[in-house]
Amino acid sequence: MLSESEAITKLIDFLDENFYEAAQRIYECKGRLIVTGIGKSAIIAQKMVATFNSTGTPSMFLHASEAIHGDLGMIQNDDIIICISKSGNSPEIKVLVPLLKRFGNTLIAITGNITSFLAKGSDFVLNTTVEMEACPINLAPTNSTTAQLVMGDALAVCLMEMRDFKPEDFAVYHPGGALGKKLLLKVKDMIEHSLKPMVTPETSIKKAIFEISEKRLGVTAVIEDNKIVGIITDGDIRRMLNDRDSIADLTARDIMSKNPKLVSSETMAVDALNILEDFSITQLIVADNGEYKGVLHLHDILKEGIV
């Protein structure tokens, strides 16, 4: 681990005009970013493609050996190509580079040999030289592939900053799973088909209990003149029953909590969750411009897998 960390730390000294120009060309590219490699470098190339695509740079993976058997057809005139190779002199690379240059596309090399065939045939060279591998016999790609990966990440992060890439942009490319839901899911998405328990201030406690039980949300809003004036929860009912022997003469107004916590339907689900946690409550009344829209329950958020 120390060997690999030291290897990638030294990459900082290799960042020069080549890195700047490569990033600028990719940023201005009207086509796609094609990333190719052979062997372990091909696996690193696939990871780079995944990172570029998820951060706003349209990318495709091209396997170097498949390229010379027909896959070169995926390369279009406006595309930019990154070719990854530790030695830059493998037989496949020596065959591929002249073919890539034949189309006139910008070629960026990520290589650990800046005097290699690949480096000499590229427009820009990103140097990933390592002194040795972490492998005890200095053969298995370890430090070298880590260096390639880190250089690709640096390029992706640089492009994100150039594009002023924001969390909402990231969410567009990650709509699934907990991450996408945290960035995209709104309260309205969770209450669309939910019930709307409600009573008036003059409703008897017995009917209020029936309303809470029937709607199964553990709460009911208290509505007067189309305005939300209070809330009654299961906790309010329990406290009332502990304090009184008879409830026959009580109405909703007598036990409701005034000024309940409200959120709009446009509130992000993760923000609503923070409110629930901050006030140690399990339900929120949802209202838009004072109009009652429904109840958001903590369980609704938990079911979505946000936490």
Side-chain angles (χ1 to χ4, degrees), residues 4-37 40-63 74-86 100 105-112 122-130 143-186 268-271 274 305-306:
E4 295 203 13
S5 66
E6 290 168 2
I8 63 175
T9 298
K10 292 177 181 178
L11 292 181
I12 296 171
D13 297 330
F14 299 151
L15 297 180
D16 56 14
E17 288 295 314
N18 279 270
F19 185 90
Y20 171 83
E21 292 293 343
Q24 193 66 34
R25 289 287 184 94
I26 297 171
Y27 175 68
E28 296 171 352
C29 178
K30 302 300 181 184
R32 302 156 303 172
L33 181 61
I34 309 296
V35 189
T36 186
K40 303 296 188 297
S41 295
I43 298 172
I44 299 300
Q46 292 180 67
K47 190 276 177 186
M48 284 189 193
V49 166
T51 299
F52 284 129
N53 278 327
S54 69
T55 53
T57 299
S59 305
M60 291 184 65
F61 169 68
L62 171 65
H63 198 285
M74 73 168 59
I75 300 176
Q76 304 298 310
N77 292 336
D78 292 331
D79 294 342
I80 290 177
I81 305 164
I82 291 179
C83 186
I84 309 172
S85 172
K86 177 187 176 182
L100 295 175
N105 299 80
T106 296
L107 178 60
I108 301 168
I110 295 181
T111 181
S122 299
D123 298 290
F124 306 103
V125 180
L126 306 186
N127 188 354
T128 53
T129 298
V130 296
N143 288 354
S144 58
T145 46
T146 301
Q148 293 169 354
L149 189 65
V150 170
M151 187 64 75
D153 286 343
L155 196 54
V157 170
C158 183
L159 289 163
M160 289 176 69
E161 293 185 358
M162 294 169 77
R163 291 192 171 92
D164 192 24
F165 201 79
K166 294 181 171 57
E168 51 267 33
D169 300 315
F170 195 77
V172 170
Y173 302 108
H174 297 78
L179 176 60
K181 288 178 179 178
K182 280 186 178 181
L183 296 171
L184 293 174
L185 193 67
K186 295 184 177 181
M268 301 303 296
V270 68
D271 293 331
N274 290 335
I306 291 178

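Residue numbers start at 1 and run along the sequence shown.
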If I take atom [atom1] from residue [X] and atom [atom2] from residue [Y], how far apart are they, to the nearest 0.5 angstrom?
{"X": "Glu28", "Y": "Met162", "atom1": "CD", "atom2": "CE", "result": "7.0 Å"}
{"X": "Ile81", "Y": "Met60", "atom1": "CD1", "atom2": "CE", "result": "12.0 Å"}
{"X": "Leu149", "Y": "Ile110", "atom1": "CG", "atom2": "CD1", "result": "10.0 Å"}
{"X": "Arg32", "Y": "Met74", "atom1": "CZ", "atom2": "CE", "result": "7.5 Å"}
{"X": "Phe61", "Y": "Ile82", "atom1": "CZ", "atom2": "CD1", "result": "13.0 Å"}
{"X": "Tyr27", "Y": "Glu161", "atom1": "OH", "atom2": "CD", "result": "12.5 Å"}

Between Ile26 and Ile108, does the side chain to side chain contact (heavy atoms under 4.5 Å, CB included) criterion hold? Intermediate values first, please.
CA-CA 10 Å; Ile26 297 171; Ile108 301 168; 3.9 Å; yes

Looking only at non-hydrogen atoms, find the nearest pair between [X] and [Y] and report the distance.
{"X": "Ile44", "Y": "Thr145", "result": "CD1-O, 3.7 Å"}
{"X": "Ile8", "Y": "Ser5", "result": "CG1-O, 3.3 Å"}
{"X": "Gln148", "Y": "Ser41", "result": "NE2-OG, 3.2 Å"}
{"X": "Ala42", "Y": "Gly37", "result": "CB-O, 3.5 Å"}
{"X": "Ser59", "Y": "Phe52", "result": "OG-CB, 3.0 Å"}
{"X": "Asp78", "Y": "Cys29", "result": "O-SG, 3.2 Å"}

For [Y], does its backbone N or O pair with a side-chain atom of [X] as donor and acceptor, under 3.5 Å?
{"X": "Thr111", "Y": "Ser85", "result": "yes"}
{"X": "Asn18", "Y": "Val125", "result": "yes"}
{"X": "Thr106", "Y": "Ile80", "result": "no"}
{"X": "Asp123", "Y": "Leu107", "result": "yes"}
{"X": "Asn127", "Y": "Leu11", "result": "no"}

Taking the side chain as everything from C-beta on, heavy atoms only, tell me whether [X] gets closer than 4.5 Å to [Y].
{"X": "Met48", "Y": "Ile84", "result": "yes"}
{"X": "Asn53", "Y": "Val49", "result": "yes"}
{"X": "Leu100", "Y": "Ile75", "result": "yes"}

Please list, one pair per line, the donor and acceptor atoms closer than 3.5 Å that link side chains of residues 151-159 to other protein atoms, with sequence neighbours excluded.
residue: Asp153; atom: OD1; partner: Lys47; partner atom: NZ; Å: 2.7

Would you say that more than 12 heavy atoms from the other residues, nucleotides or ligands in this model lie under 6.0 Å from the CG of Asp13, or not?
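Counting other residues, nucleotides and ligands, CG of Asp13 exceeds 12 neighbours.
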
Which residues pass the side chain to side chain donor-acceptor pair (under 3.5 Å) test with Ser144, not counting sequence neighbours?
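Testing Ser144 for side chain to side chain donor-acceptor pair (under 3.5 Å), a comparison that skips the adjacent residues, returns Glu133.
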
Does either side chain, that of Thr57 or that of Arg163, offer a donor lying less than 3.5 Å from an acceptor on the other one?
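Per modelled atom types, Thr57 and Arg163 side chains form a pair under 3.5 Å.
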
